[in-house]
Amino acid sequence: NVESSNCITLMEVSPEGDLWISCTMPSIEVGTVGGGTGLSAQSACLRAIGVKGGGENPGDNARQLAHVVACATMAGELSLMAALASNSLVAAHMQHNRKPASK
């Protein structure tokens, strides 16, 4: 969904000199009940991370799933920044490219 693909990632140096990362996804759409959550693969994935169903309070599991998605996104952003900083992004893409280079 284009509507739910907003993401704002901030990276700053903390006062202690550490990297501080924030990933905000203001319009993420996730679900842990209904729809495709009853399909075997989707259900197994939700159970594996402990968010199958509504949760103790309605919305608890959906909120936790949104956190998991944001954390995975943050890890991807950090990996991308590391590749850019080390100037290895293009080389990695060329090495792992599934299509042969056109001549």
Worksheet, complete the sentence: Note: Cys7 and Cys23 closest approach over all heavy atoms is SG-SG, 3.5 Å
Item to complete: Flag yes if Met74 and Leu65 sit in one hydrophobic cluster, no otherwise; membership is Ile, Leu, Val, Met, Phe, Trp, Tyr, and two members link when side-chain heavy atoms are under 4.5 Å apart.
Response: no
Worksheet item: Would you find more than 12 non-hydrogen atoms of other residues, nucleotides or ligands less than 6.0 Å from Asn57 atom CG?
Response: yes
Worksheet item: Transitively linked via ILVMFWY side-chain contacts under 4.5 Å: Met25 with Met11?
Response: no
Discussion item. When you measure from the side chain of Thr32 to the backbone of Gly53, do you find a donor-acceptor pair of N or O atoms at a distance under 3.5 Å?
Written reply: yes
Worksheet item: Just by modelled atom types, is the Pro26 backbone N or O under 3.5 Å from a matching donor or acceptor in the Thr24 side chain?
Response: no
Discussion item. With rounding to the nearest 0.5 angstrom, report the OG to CD distance, Ser22 to Glu77.
Written reply: 11.5 Å
Fill in: Expected output: side-chain Ser79 to main-chain Ala75 donor-acceptor under 3.5 Å
no
Discussion item. For a quick test of reading the model, state the closest non-hydrogen atom pair linking Asn61 to Gly55 and the distance between them.
Written reply: ND2-N, 3.3 Å
Worksheet, complete the sentence: What one should report as the nearest heavy-atom pair of Ser43 and Lys52 is OG-CE, 2.9 Å
Discussion item. Under 4.5 Å between side-chain heavy atoms, counting indirect links through other Ile/Leu/Val/Met/Phe/Trp/Tyr residues: same cluster for Leu10 and Leu80 or not?
Written reply: no
Worksheet item: Are Val30 and Ile49 joined in one hydrophobic group, where the rule is that I, L, V, M, F, W and Y side chains link up if heavy atoms are under 4.5 Å apart?
Response: yes
Item to complete: Under the side chain to side chain contact (heavy atoms under 4.5 Å, CB included) rule, what do Leu46 and Thr37 come out as? Steps first, then yes or no, please.
Response: CA-CA 8 Å; Leu46 291 171; Thr37 65; 3.7 Å; yes
Worksheet item: How many angstroms lie between atom NE2 of His67 and atom CD1 of Ile28, to the nearest 0.5 angstrom?
Response: 10.0 Å
Discussion item. Do Gln64 and Val68 make a side-chain contact, defined as non-hydrogen atoms from C-beta onward lying under 4.5 Å apart?
Written reply: yes
Worksheet item: Should Val33 and Leu39 be regarded as members of a common hydrophobic cluster, given that ILVMFWY residues are connected when their side-chain heavy atoms come within less than 4.5 Å of each other, either directly or indirectly?
Response: no
